[in-house]
Peer 1: 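Take this structure first; my questions come after.
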Amino acid sequence: MTALRPLSEILRERLQAHPRKRILFDDLADAAYTANPALLTAPERRNLLADALNTLQTAGTLRLPATKKHWDHTALPPLPRWAERIDPPRSATHRPAARSWAAELSFLDGRRLSQHDHGLFTPLNDFLLAGGATSEPVPLRDRACQLFGDEKYLDGIHDSKWVLEGLLSVRAHLRAYLTPEPLNVIELGPAPWLLIVENTAAFDNLRRILRQWPHRDEVGWIAFGDGDRIAASISTLPERLAETGHRLTEILYYGDLDFDGLHCVALASQRSVSAGLPPLTPAGGLYAALLNRTHRKAAAVSAEVARSVCSWLTTPLGPRTTHLLTNGAIVRQEALHLTALRDLLTPGHGVLRQQLAAVPGATAAEKCDVPGDGSLPTHHAPPTDVARASPATPSEPSPRR
């Protein structure tokens, strides 16, 4: 029986093969799961990954984030959202020999290139000299596998200095394009709106409620945003709409009320507009109810940063959430659980879309329990699930975990 390789060795190899010094933790985890599939279902996987990262940090191989906002605290132990490779000092005596570059790479002439730069541009140069500039565009990972023998080699290329400075074009030079993970959309009804939900439990709860809604003409589509992946997957939605012929006039979004979630949805909204879609707008009815649920302690965010990430939220949600973040608190979607959602969203309360999107009493701050300065109520104890009685609803099985 072949012994499993040390996890730290697997992560170190992935770090060294990556085109950029900084690599997303998901990329490192993928390498670990590929090498050891049993790790995916191991209860202690977070501990094993954290130990491997600490081993590499102690060895001076990588650097981990210094601030809490760049760590995932959804479970223990916390895991970083990225790691940064620490390269050994370059030796001036082992510099690759100068070479002639293809016309498309003439911007490299006379530049001092690192070993890593040569590793990137030498295969690309050979590709272009062989007529690659007129080849059919393919997915970026296909091209990376073809040129570098590693399908993930170019994953961070869009953030490299060469692309950011406008010198290297993924489309023109590599003849490639991104293929983000598709947005997971469930077509529940004909209404021209889409509700994107950040986390799995909330998505499952809302899908159950929408699936059993008696007025089918009021029901639109629902999608699983999958945390920060929505910023990339939103760009795949136009193809889905073209394939189905569905008319979409509004995209509602419902996620955690924390720094990372709000920062990500603001970026996703910009990319949605760039893709020719409507902007992502807050599911105000859901957010208003979520704000009245139990708050969790978190690292406080500065007022300037909080106002910036909360600007996506409409009034009075924005001011209330700004106060929440600056006072070291957050609210997770799971705080508004299945029973509370059923009580909140019922046919007797009006049209479904209005219940999802509209903030009750938003035209008057005093009706939203918001003081004039936009602050939150002084207590943080969870109130009752809803402020008004709701008609009985059919029972459903418990949500999946």
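On a predicted model such as this, the values are computed, not experimentally measured, just so you know.
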Peer 1: Thr346 side chain to Asp343 main-chain N or O, any donor-acceptor pair under 3.5 Å?
Peer 2: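 Judged by distance alone, no pair lies under 3.5 Å.
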Peer 1: Below 4.5 Å, heavy atoms only, C-beta onward: do Phe25 and Trp71 meet side chain to side chain?
Peer 2: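 The answer is no; the side chains never approach within 4.5 Å.
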Peer 1: What is the minimum heavy-atom distance between Ala306 and Leu325, and which atoms define it?
Peer 2: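 Distance-wise, the nearest heavy atoms are CB-CB, 4.2 Å.
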Peer 1: Using a 4.5 Å cut-off on heavy atoms from C-beta on, say whether the side chain of Ser233 contacts that of Asp226.
Peer 2: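 Asp226 vs Ser233: side chains apart.
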Peer 1: Are the side chains of Pro80 and Leu53 in contact, using a 4.5 Å heavy-atom criterion?
Peer 2: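 Side chain of Leu53 against side chain of Pro80, heavy atoms only: contact under 4.5 Å found.
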Peer 1: With side chains defined as the heavy atoms from C-beta onward, is the minimum distance between Leu178 and Val170 less than 4.5 Å?
Peer 2: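 The answer is no, as the side chains (C-beta and beyond) never meet within the 4.5 Å cut-off.
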Peer 1: So that I can tick it off, tell me whether Arg211 and Asp204 are bridged by a salt bridge, with the cut-off set at under 4.0 angstrom between side-chain N and carboxylate O.
Peer 2: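 Salt bridge flag = no for Arg211 with Asp204.
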Peer 1: For the pair Trp213 and His215, name the ring-plane relationship: parallel under 30°, tilted 30 to 60°, perpendicular over 60°.
Peer 2: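 Perpendicular, since the angle between the ring planes exceeds 60°.
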Peer 1: How many angstroms lie between atom CG of Leu352 and atom CG of Leu210, to the nearest 0.5 angstrom?
Peer 2: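 Rounded to the nearest 0.5 Å, the CG-CG separation comes out at 5.0 Å.
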Peer 1: So among Val265, Val273, Leu277, which one has a side-chain contact (heavy atoms from CB on, under 4.5 Å) with Ile234?
Peer 2: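 Looking at Val265, Val273, Leu277, the match for Ile234 under the side-chain contact (heavy atoms from CB on, under 4.5 Å) is Leu277.
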Peer 1: Tell me, do Arg296 and Val331 make a side-chain contact under 4.5 Å, heavy atoms counted?
Peer 2: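 Arg296 vs Val331: side chains apart.
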Peer 1: Under the side-chain contact (heavy atoms from CB on, under 4.5 Å) criterion, do Leu167 and Leu105 qualify, and how do the steps go?
Peer 2: CA-CA 9 Å; Leu167 299 172; Leu105 300 180; over 6 Å; no
Peer 1: Is it true that a side-chain atom of Asn205 and a backbone atom of Ala201 form a donor plus acceptor pair closer than 3.5 Å?
Peer 2: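 Present.
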Peer 1: May I ask you to check whether Phe107 and Trp101 place their ring centres under 6.0 Å from each other?
Peer 2: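 No.
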Peer 1: Nearest heavy-atom pair of Leu290 and Ala335: which atoms, and what distance?
Peer 2: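 Distance-wise, the nearest heavy atoms are CD1-CB, 4.3 Å.
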Peer 1: If you measure from CZ on Arg46 to CG on Leu39, what distance do you get to the nearest 0.5 Å?
Peer 2: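 It comes to 12.0 Å.
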Peer 1: Let me confirm one number: the CG-CG distance from Leu336 to Asn292, rounded to the nearest 0.5 Å.
Peer 2: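 If we round to the nearest 0.5 Å, Leu336:CG and Asn292:CG are 9.5 Å apart.
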Peer 1: Run the numbers on Arg293 and Arg332 for side-chain contact (heavy atoms from CB on, under 4.5 Å), then give the verdict.
Peer 2: CA-CA 9 Å; Arg293 306 300 295 184; Arg332 301 290 193 201; over 6 Å; no
Peer 1: When rounded to the nearest 0.5 angstrom, what distance separates OG1 in Thr326 from CZ in Arg307?
Peer 2: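 Output value for this atom pair is 9.0 Å.
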Peer 1: Can any side-chain N or O of His173 pair as donor or acceptor with the backbone N or O of Ser169 at less than 3.5 Å?
Peer 2: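 It does hold such a pair.
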Peer 1: Please tell me whether Asn125 and Thr122 have a donor and an acceptor in their side chains that are separated by less than 3.5 angstrom.
Peer 2: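 Per modelled atom types, Asn125 and Thr122 side chains form no pair under 3.5 Å.
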Peer 1: Within a radius of less than 6.0 Å around CD of Glu304, do more than 12 heavy atoms belonging to other residues, nucleotides or ligands occur?
Peer 2: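 No, CD of Glu304 has 12 or fewer neighbouring heavy atoms, counting only those of other groups under 6.0 Å.
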Peer 1: Answer yes when Arg111 and Asp117 have at least one side-chain N-carboxylate O distance shorter than 4.0 Å, and no when they do not.
Peer 2: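 Looking at Asp117 together with Arg111, the answer is no, because their closest N to O distance does not fall below 4.0 Å.
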Peer 1: Could you give me the CA-CA distance, side-chain angles and deciding distance for Leu286 and Leu252, then say whether side-chain contact (heavy atoms from CB on, under 4.5 Å) is met?
Peer 2: CA-CA 10 Å; Leu286 298 176; Leu252 300 170; over 6 Å; no
Peer 1: Quick one: list whatever passes ring pair (Phe, Tyr, Trp, His ring centres under 6.0 Å) with His116, sequence neighbours left out.
Peer 2: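 Listed in chain order: nothing, the list is empty.
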Peer 1: Compile the donor-acceptor pairs under 3.5 Å between side chains in residues 128-141 and protein atoms, sequence neighbours left out, one pair per line.
Peer 2:
residue, atom, partner, partner atom, Å
Thr134, OG1, Gly131, O, 3.1
Ser135, OG, Gly132, O, 2.7
Arg141, NE, Asp155, OD1, 3.3
Arg141, NH2, Asp155, OD2, 2.7

Peer 1: Is a side-chain N or O of Thr281 found less than 3.5 angstrom from the main chain of Ile251, in a donor-acceptor match?
Peer 2: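 Yes, because the side chain of Thr281 sits within donor-acceptor range (under 3.5 Å) of the backbone of Ile251.
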Peer 1: Are His295 and Leu324 close enough that some pair of their side-chain heavy atoms sits under 4.5 Å apart?
Peer 2: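 His295 vs Leu324: side chains touch.
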Peer 1: Other residues, nucleotides and ligands only: do more than 12 of their heavy atoms fall within 6.0 Å of NE2 on His263?
Peer 2: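 Atom NE2 in His263 is not packed in, count stays at 12 or less.
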Peer 1: Given side chains that start at C-beta, do those of Pro77 and Asn47 come closer than 4.5 Å, heavy atoms only?
Peer 2: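 In short, these two side chains touch, coming nearer than 4.5 Å.
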Peer 1: I need the minimum non-hydrogen distance between Ser272 and Pro278, along with the two atoms involved.
Peer 2: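 Looking at all heavy atoms of both residues, the shortest contact is OG-O, 2.6 Å.
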Peer 1: Could you tell me whether the side chain of Ser274 and the main chain of Gln270 form a donor-acceptor pair under 3.5 Å?
Peer 2: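 Such a contact is found between Ser274 side chain and Gln270 backbone.
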Peer 1: State whether Asp87 and Arg85 are salt-bridged, where the test is any N-O pair (Lys NZ or Arg NE/NH1/NH2 against Asp/Glu carboxylate O) under 4.0 Å.
Peer 2: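 Salt bridge between Asp87 and Arg85, a charged N being under 4.0 Å from a carboxylate O: yes.
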Peer 1: Determine, stepwise, if the pair Tyr287 / Tyr253 fulfils side-chain contact (heavy atoms from CB on, under 4.5 Å).
Peer 2: CA-CA 10 Å; Tyr287 277 122; Tyr253 185 88; 3.6 Å; yes
Peer 1: Distance from Arg320 atom CZ to Leu291 atom CG, nearest 0.5 Å?
Peer 2: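 If I round to the nearest 0.5 Å, the distance is 5.0 Å.
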Peer 1: Is there a side-chain contact between Arg229 and Asp26 (heavy atoms, below 4.5 Å)?
Peer 2: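 Heavy-atom side-chain distance check passes, below 4.5 Å.
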Peer 1: For Lys21, is there an ion pair with Glu84 - N to carboxylate O distance below 4.0 angstrom?
Peer 2: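 No, this pair does not count.
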Peer 1: Under the salt bridge (charged side-chain N to carboxylate O under 4.0 Å, His left out) test, which residues partner Asp228, sequence neighbours left out?
Peer 2: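 Applying salt bridge (charged side-chain N to carboxylate O under 4.0 Å, His left out) to Asp228 gives none.
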Peer 1: Which atom pair, heavy atoms only, marks the closest approach of Leu280 to Ala268?
Peer 2: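 Smallest heavy-atom distance, with atoms named: CD2-CB, 4.0 Å.
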Peer 1: About how many Å separate CG of Leu147 and CG of Asp126, when rounded to the nearest 0.5 Å?
Peer 2: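 If I round to the nearest 0.5 Å, the distance is 9.0 Å.
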Peer 1: Can you list, pair by pair, the side-chain donor-acceptor contacts under 3.5 Å of residues 182-199, counting residues two or more places apart and other chains?
Peer 2:
residue, atom, partner, partner atom, Å
Glu187, OE2, Arg240, NE, 3.1
Glu187, OE2, Arg240, NH2, 2.9
Trp193, NE1, Glu218, O, 3.3
Glu198, OE1, Asp256, N, 2.7
Asn199, ND2, Asp256, OD1, 3.0
Asn199, ND2, Asp256, OD2, 3.1
Asn199, ND2, Gln333, OE1, 3.2

Peer 1: Only pairs under 3.5 Å count here: list side-chain donor-acceptor contacts from residues 6-17, not counting sequence neighbours, and write none if there are none.
Peer 2:
residue, atom, partner, partner atom, Å
Glu9, OE2, Arg5, NE, 3.2
Glu9, OE2, Arg5, NH2, 3.3
Glu13, OE1, Arg5, NH2, 2.9
Glu13, OE2, Arg5, NH2, 2.7
Arg14, NE, Asp27, OD1, 3.1
Arg14, NH1, Asp150, OD2, 3.2
Arg14, NH2, Asp27, OD2, 3.3
Arg14, NH2, Lys152, O, 3.1

Peer 1: Could you work out, with side-chain contact (heavy atoms from CB on, under 4.5 Å) as the rule, every residue matching Gln146, not counting sequence neighbours?
Peer 2: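 Gln146 satisfies side-chain contact (heavy atoms from CB on, under 4.5 Å) with Phe127, Arg143 once adjacent residues are dropped.
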Peer 1: Do you know which two heavy atoms are closest between Val163 and Ile157, and how far apart they sit?
Peer 2: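 Closest heavy-atom pair between Val163 and Ile157: CG2-O, 3.2 Å.
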Peer 1: Which label fits His246 and Trp221: parallel for a plane angle under 30°, tilted from 30 to 60°, or perpendicular past 60°?
Peer 2: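 Ring orientation, 0 to 90° scale: parallel.
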Peer 1: Of all the heavy-atom pairs spanning Pro123 and Leu120, show the shortest one and how long it is.
Peer 2: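 For Pro123 versus Leu120, the nearest heavy atoms are CD-O, 3.6 Å.
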